[in-house]
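Notes follow once the structure below has been shown.
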Amino acid sequence: MKKDSLVKKIFMECPLCDKIHEIEERKRIATTIIKGEVVDYEENYYFCQYSDEDENEFTVGRMEDRNLLNARNEYRRCHGLLTSDEIIEIRESYGLSQADFARLLGWGEATISRYESKAIQDDAYDNMLRIVKNDPLKAFELFQKNSDKFNNVKKVEIRERIIANLDMYGREYLKRQALESEYISFKGLSDANGNQELNIDKVESIIGYFAKRVNNLYKVKLMKMLWYSDALNYKFTGKSMTGLVYLHDAMGALPIGHYRIVDLENVNVEEEEGYEYTKYRFVPKENDDLSCLSAEDLEILDKVASKFKNFSAKDIVSYMHEERAYKETVDGEVIPYSLAGEIRTI
Ligand SMILES: [Zn+2]
């Protein structure tokens with residue numbers, strides 16, 4: 001066992017002498033039994049040099065708690081469990097109170113409070129805490145599952161905190177999933193997606209590419225330009241470029257999930273308050289990743305960009321209204337690529 005060492009000297013009321021005098025705070029390695037196992041841990045205590053040999057040590061409540069915590073944390077370390085400090089750290093990373101964090105995890109309200117102060121968590125609880133520590137998306141899933149445990153104000157608050165806690169990858173993943181989920185019924189190759197599964201990397205890269213080449217690129221025009229790129233690619237290769245599925249809309253072709261596309265993490269968009277509605281202006285990014293676009297893709301995108309760069313939104317809508325693909329479909333209907341491939345030459 002390690003020898004005692006001095007932590008500091010303080011003046012305090014000594015309960016052994018009933019006088020105020022200098023006391024030494026010391027520490028040493030002590031031994032205790034936890035769950036039937038011998039555990040060595042660091043123990044702090046006060047030492048009175050005026051008292052007789054048999055009774056010259058004492059502790060106070062807070063020190064006692066700390067010693068117990070040290071012993072339990074030592075047990076946790078030996079068993080690969082999170083320590084109470086690590087549990088506090090995880091909870092605080094989400095900015096949650098002990099009770100709210102417990103609710104989020106679907107546990108009893110007092111559970112986290114006990115784990116942070118005295119009780120030792122079992123393996124299942126420990127695993128759950130580690131999952132939430134490493135994966136904020138998992139925390140988001142749990143929040144959705146247990147959201148009925150919070151009132152509406154709390155719900156908004158906690159949702160925002162978790163979202164804020166998601167790192168770049170997490171946010172991106174969520175937004176991609178939101179778009180993917182709109183395409184679940186279009187899995188597999190078909191005339192609706194132009195024999196191509198949705199490729200979100202390409203959608204993002206194409207938008208960045210157009211934003212660099214077209215000034216004042218707003219949403220209506222961009223959506224048409226995406227359609228023309230896909231249609232042209234289909235015409236040349238029998239496959240669409242992005243796998244986007246377009247619906248017949250009053251303003252021309254509109255891809256399913258267009259709100260999700262605007263919201264993608266790698267799409268640079270500025271919102272402008274218009275007279276009646278918000279306008280979305282697509283702006284170039286500093287570092288464009290074009291690695292997923294082939295030379296053939298870029299050739300088609302250049303064609304589409306030079307054809308339409310000086311078109312107003314109204315011009316491109318009117319232009320599209322003359323396409324067979326538009327004339328032979330009705331409002332809300334999927335525009336099949338077999339028709340899209342018959343576009344006029346660009
Ligand atoms: Zn004393």
Side-chain angles (χ1 to χ4, degrees), residues 2 5 7-8 25 27-35 37 39-45 59-151 153-175 177 265:
K2 237 176 29 185
S5 64
V7 177
K8 63 184 174 202
E25 181 180 340
K27 63 178 181 186
R28 66 185 163 207
I29 299 299
T31 299
T32 189
I33 305 285
I34 295 177
K35 297 193 175 187
E37 286 181 32
V39 175
D40 291 338
Y41 68 103
E42 191 177 277
E43 177 191 59
N44 283 42
Y45 64 98
T59 55
V60 294
R62 199 182 294 170
M63 188 180 256
E64 193 88 353
D65 290 345
R66 195 67 226 170
N67 288 339
L68 274 171
L69 205 59
N70 280 348
R72 288 176 180 131
N73 280 340
E74 208 42 56
Y75 176 92
R76 284 163 150 141
R77 270 189 279 272
C78 291
H79 288 260
L81 296 169
L82 293 162
T83 64
S84 52
D85 285 344
E86 287 171 321
I87 295 172
I88 293 171
E89 211 175 289
I90 296 169
R91 174 175 63 77
E92 287 183 343
S93 78
Y94 287 100
L96 294 171
S97 69
Q98 292 175 330
D100 281 343
F101 192 39
R103 287 188 193 104
L104 176 86
L105 295 163
W107 298 348
E109 271 183 39
T111 313
I112 290 293
S113 153
R114 284 193 288 113
Y115 290 165
E116 287 185 10
S117 58
K118 42 185 190 281
I120 292 170
Q121 70 277 18
D122 65 28
D123 285 345
Y125 283 71
D126 196 77
N127 286 338
M128 187 81 135
L129 287 164
R130 282 176 196 278
I131 286 169
V132 171
K133 179 191 176 199
N134 297 324
D135 187 356
L137 290 168
K138 192 71 201 174
F140 193 79
E141 267 175 40
L142 286 167
F143 165 67
Q144 285 181 312
K145 194 176 146 205
N146 297 313
S147 66
D148 57 320
K149 297 190 174 122
F150 303 99
N151 66 36
V153 177
K154 261 273 145 64
K155 253 184 229 175
V156 172
E157 211 180 287
I158 292 171
R159 189 174 191 281
E160 276 174 7
R161 278 179 188 161
I162 295 176
I163 300 247
N165 205 38
L166 288 168
D167 56 15
M168 191 66 182
Y169 169 80
R171 274 201 300 278
E172 191 183 329
Y173 179 83
L174 267 188
K175 289 176 172 181
Q177 277 216 318
E265 200 62 23

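This is a predicted model, so every value here is computed, not measured.
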Distance from [X] atom [atom1] to [Y] atom [atom2], nearest 0.5 Å?
X: Leu104; Y: Lys149; atom1: CG; atom2: NZ; result: 9.0 Å
X: Ser97; Y: Glu109; atom1: OG; atom2: CD; result: 9.0 Å
X: Asp40; Y: Ile29; atom1: CG; atom2: CD1; result: 7.0 Å
X: Phe143; Y: Arg159; atom1: CZ; atom2: CZ; result: 7.0 Å
X: Gln98; Y: Glu92; atom1: CD; atom2: CD; result: 9.5 Å
X: Phe140; Y: Asp135; atom1: CZ; atom2: CG; result: 12.5 Å

With a 6.0 Å cut-off (strictly less than), is the heavy-atom count around [atom1] of [X], excluding the residue itself, greater than 12?
X: Lys35; atom1: NZ; value: yes
X: Lys27; atom1: NZ; value: no
X: Lys155; atom1: NZ; value: yes

| said: Under the ring-ring contact (aromatic ring centres under 6.0 Å, His included) definition, can you give me all pairs with a residue in residues 60-109, not counting sequence neighbours? | reply: Tyr75-His79, Trp107-Tyr125
| task | Could you give me the CA-CA distance, side-chain angles and deciding distance for Leu105 and Leu129, then say whether side chain to side chain contact (heavy atoms under 4.5 Å, CB included) is met? | result | CA-CA 8 Å; Leu105 295 163; Leu129 287 164; 3.9 Å; yes
| request: Output, in order, the C-alpha distance, side-chain angles, deciding distance and verdict of salt bridge (charged side-chain N to carboxylate O under 4.0 Å, His left out) for Asp65 and Arg62. | output: CA-CA 5 Å; Asp65 290 345; Arg62 199 182 294 170; over 6 Å; no
| task | Kindly determine whether Leu82 and Ile90 satisfy side chain to side chain contact (heavy atoms under 4.5 Å, CB included), including the steps that lead there. | result | CA-CA 10 Å; Leu82 293 162; Ile90 296 169; 3.9 Å; yes
Nearest heavy-atom pair of [X] and [Y]: which atoms, and what distance?
X: Ala102; Y: Gly108; value: CB-O, 3.3 Å
X: Val132; Y: Ala139; value: CG1-CB, 4.0 Å
X: Ala71; Y: Val39; value: O-CG1, 3.6 Å
X: Tyr45; Y: Met63; value: CA-SD, 3.6 Å

| field | Expected output: side-chain Asn146 to main-chain Leu142 donor-acceptor under 3.5 Å | value | yes
| query | Quick check: does any side chain N or O of Glu86 sit under 3.5 Å from a backbone N or O of Thr83, one acting as donor and the other as acceptor? | reply | yes
| said: Distance alone, cut at 3.5 Å: any donor-acceptor contact between the side chains of Ser84 and Asn73? | reply: yes
| query | Just checking, any donor-acceptor pair under 3.5 angstrom between side chains of Asn67 and Glu43? | reply | no
Do [X] and [Y] have side-chain heavy atoms sitting under 4.5 Å apart?
X: Arg66; Y: Asn44; answer: no
X: Phe150; Y: Glu157; answer: no
X: Tyr41; Y: Arg77; answer: no

| remark: Applied to residues 113-123, the salt bridge (Lys or Arg N to Asp or Glu O under 4.0 Å) test, sequence neighbours excluded, yields Arg91-Glu116
| Does the pair Gln121 and Ile87 meet the rule for a side chain to side chain contact (heavy atoms under 4.5 Å, CB included), with working shown? | CA-CA 10 Å; Gln121 70 277 18; Ile87 295 172; 3.9 Å; yes
| message | Between Ile158 and Ile162, does the side chain to side chain contact (heavy atoms under 4.5 Å, CB included) criterion hold? Intermediate values first, please. | response | CA-CA 6 Å; Ile158 292 171; Ile162 295 176; 4.0 Å; yes
